[in-house]
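In what follows, a structure is listed as structure tokens, so that the remarks can point back to it.
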Amino acid sequence: MNEDIWADTQPWGLEQASRSPLLDAKVMMVDDEPLMTDLIQAHLEDAGYVHFVVANDPRQAIDLLHREQPSVLLLDLMMPHLSGFDLLEMIRADRKLRYTPVIVLTAATGAEAKLRALQLGVTDFLSKPVDESELVLRLRNTLAYHQYHARMVNYDGATDLPTRRLFDISITDVVARQGLVGGVVAVLNLQVPECRQLRESASQAAADELARDLAQRMLRFCSELPRPAAAAASDPLHRVARLDSTAFGILLEGIADIDTVESLTKELLAQLGRPVTVGMHEIGPTASAGIAVSPADGHTPEVLRKSAELAATHAGSQPHIRYQFASAELHSRSYERLALGSQLRGAAQRGELRLHYQPKVDVASNRIVGAEALVRWQHPELGLVPPLRFISLAEELGLIQGIGNWVLQTACQDAAQWKRDGLGELRIAINVAKPQFFAGDLADTVQRELQGSGLSPEKLMIELTESMLMDSVGDSLGQMNALKQLGVLLSIDDFGTGYSSLSYLKTFPIDELKIDRSFIMDLPGTASDVAIVRTIIDLGHSLGMVVIAEGVETQAQLECMQALKCDKYQGFLFSKPVPQEEFVALLRRQA
Ligand code: C2E
Ligand code: MG
Ligand code: MG
């Protein structure tokens, strides 16, 4: 849509000896007399101008201006329906057309008319009848000046990057075609304080050199992003802008989701942070980023750009934050993960992890026969943080191994202690995360903890999820067999929610099937769930497995489990997961 604006503002420098690039400019003329427009067109063609657009009806002029985006407009003042003054007013009020240079061609050259036209931003005048060489000269000057001016206002002198005005036009275009391209549009504001510091401590030239280096990194980053097909023609140059002396803008289009925007931002910040030598100075730029997303944060360039800027300023003022989303919701999510993540490191060593135990109960006798160990994090400010808020974060940050080992060790030691205290030989179950399961040393670690605690292997059960096992069937089988050789038991947790093929279920050395809470929730009222649960129980039994229902909250659900001959259950009806002292009290009560 804005191709001509871009064309106008390409580096222009010296004109070629053979043919001036100015001759490629599009000239539009609005005049109600066809004879006049024909004549001017002929003159201009003789002079080498090849793109000429005519409106003889002034009422069509605005539409045509939008469509053609000419580099210059030749305008008659005296026309029926709509005068040249009316048109000038409309052009100056139009965001897209406002800066079009206008040369007035008119017989009415009274001082008053001239003054009024000048006030409306007319660039130049030509009297009718038009002198051919005068016309060509005025046109050429106007175009040359306009190109120079456009270059000055549209491009940054140090980096050659587009400035805010062009960036805004790019944002408008990208937001307009968002429906077509799909995905997320994000406006990034990147602030690099070193640009200012270098100017103050060294020189403007040094600051410019740093800015040029950063601009190159940003352009490279953008040019390596996959370009959505519907935006293929767009130029990566227009995705990067210099917004002021310390701030850059980047426009991302067609990104799959917010998480991808976040990971791209991290990647970009990592690239910008690489040290660079400027003159005598070794600089490690500390860029911070603000991210605004369309349409959540707005859809106009001003709002998106401003929101991103505010977020970047905030991120830059916080010691441990390098980027921030503009919207409160997204921001709090990424902030929480960031803050929690850094605190999670060392939580085990600082003694902040807790194990709660939830009884696994025999359906027939209603007695506790085992327990599931469920981890919690006793956060100094947030209190007891549930595992769903930090397990996936721990996986992402590579911290799950340490947490998992702590859980394994603590659970084995507690269960061994209960036996020594005469509370019976309970089977303790622990949950294992995917990275921990596939790390390769789980069996060794389990063996070490069993020996260390004195717990018999058959009193330890390891809960694995279906989706984890199906992720890599060959590896899973190897890991499971290694664990089975130690004598420990295996359970499939949340059964029914993932995809598991029956043929695999047969070959896996599984001891227990744990029916997911979602199937138990609506029992006994929902017939389809009754049928599913019955099928899982029968299936488990036919494969020689013990079947346990999780999330049993009501007496009616328990009765349903009795009727369907489920072996065990777990759920709030009997007890929530509780700290070990409370669990021991439950055991003593049934002794
Ligand atoms: P899970 O292994 O399926 O654990 C069962 C979850 O259901 C527990 O939530 C438990 O509190 C909850 N629950 C039990 N009975 C009921 C009930 O009757 N009604 C309802 N509404 N909920 C019930 P929790 O403790 O928040 O644990 C959530 C998940 O976190 C666990 O799901 C497990 O996947 C993971 N997790 C917990 N501890 C560990 C751990 O030590 N290591 C790993 N890798 N993951 C863990
Ligand atoms: Mg579990
Ligand atoms: Mg479960």
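Remember, it's 1-based here, ligands and their atoms both numbered in the order they're listed. Nothing here was measured: the structure is a model prediction, and the numbers come from that model.
The main-chain N or O of Ala433 is found under 3.5 Å from a side-chain atom of Gln436 such that the two form a donor-acceptor pair. Side chain of Gln358 to backbone of Ser575: a donor-acceptor contact under 3.5 angstrom is found.
Contacts with ligand 1 closer than 4.0 Å are made by backbone heavy atoms (N, CA, C, O) of Val552 only, the side chain lying farther away. In Val407, the part holding a heavy atom less than 4.0 Å from any atom of ligand 1 is the side chain. Only side-chain heavy atoms of Asp494 come within less than 4.0 Å of ligand 1; its backbone N, CA, C and O stay farther off. Counting heavy atoms under 4.0 Å from ligand 1, residue Gln570 does not touch it at all. Only side-chain heavy atoms of Glu372 come within less than 4.0 Å of ligand 1; its backbone N, CA, C and O stay farther off. With a 4.0 Å heavy-atom cut-off, ligand 1 is reached by no atom of Lys576. Heavy atoms of Pro577 found under 4.0 angstrom from ligand 1 belong exclusively to the side chain.
Each of the following atoms of ligand 1 lies closer than 4.0 Å to a heavy atom of Asp493: 1 (P), 2 (O), 3 (O). In summary, the atoms of ligand 1 found under 4.0 Å from a heavy atom of Pro387, numbered by their order in the structure, are 24 (P), 25 (O), 26 (O), 27 (O), 28 (C), 30 (O), 36 (N), 37 (C). Taking a cut-off of under 4.0 Å to the non-hydrogen atoms of Gly571, the atoms of ligand 1 that pass are 15 (N), 18 (O). Each of the following atoms of ligand 1 lies closer than 4.0 Å to a heavy atom of Glu553: 17 (C), 18 (O), 19 (N), 20 (C), 21 (N). Numbered from 1 in the order shown, with element, the atoms of ligand 1 that lie under 4.0 Å from a heavy atom of Gly551 read 16 (C), 17 (C), 18 (O). For ligand 1, the atoms closer than 4.0 angstrom to any heavy atom of Ala433 are 44 (N).
Between Gln436 and ligand 1, a contact under 3.5 Å exists for no N or O pair. Annotation: Val375 places an N or O atom under 3.5 Å from an N or O atom of ligand 1; distance criterion only.
When the N, O or S atoms of Glu463 are ranked by distance to the Mg ion (ligand 2), OE1 comes first. Taking the Mg ion (ligand 2) as reference, Asp493 places its N/O/S atom OD2 nearest.
A side chain to side chain contact (heavy atoms under 4.5 Å, CB included) with Val175 holds for exactly one of Ser294, Pro295, Pro301; it is Ser294.
Counting heavy atoms from C-beta on, the side chains of Leu573 and Val361 never come closer than 4.5 Å.
Not close to ligand 1: His356, with no non-hydrogen atom less than 4.0 angstrom away. Judged by the shortest distance from any of its heavy atoms, Gln358 lies inside the 4.0 Å radius around the atoms of ligand 1.
Relative to the six-membered ring of Phe437, Lys434 misses at least one condition, a distance below 6.0 Å or an angle of at most 45° to the axis.
Closest heavy-atom approach to atom 46 (C) of ligand 1 among the candidates Asn431, Leu353, Thr554, Asp516: Asn431. When the heavy-atom distances from atom 6 (C) of ligand 1 to Glu395, Arg517, Glu550 are ranked, the shortest goes to Arg517.
Contact record, Val578 with Phe583: CG2-N, 3.6 Å, taken as the closest heavy-atom pair.
The Mg ion (ligand 2) has an N, O or S atom of Glu372 under 2.8 Å away, backbone or side chain.
One distance of note links OG of Ser365 with NZ of Lys568; it measures 10.5 Å at 0.5 Å rounding.
For His299, the NE2 atom is loosely surrounded, since the number of other residues' heavy atoms within 6.0 Å does not exceed 12.
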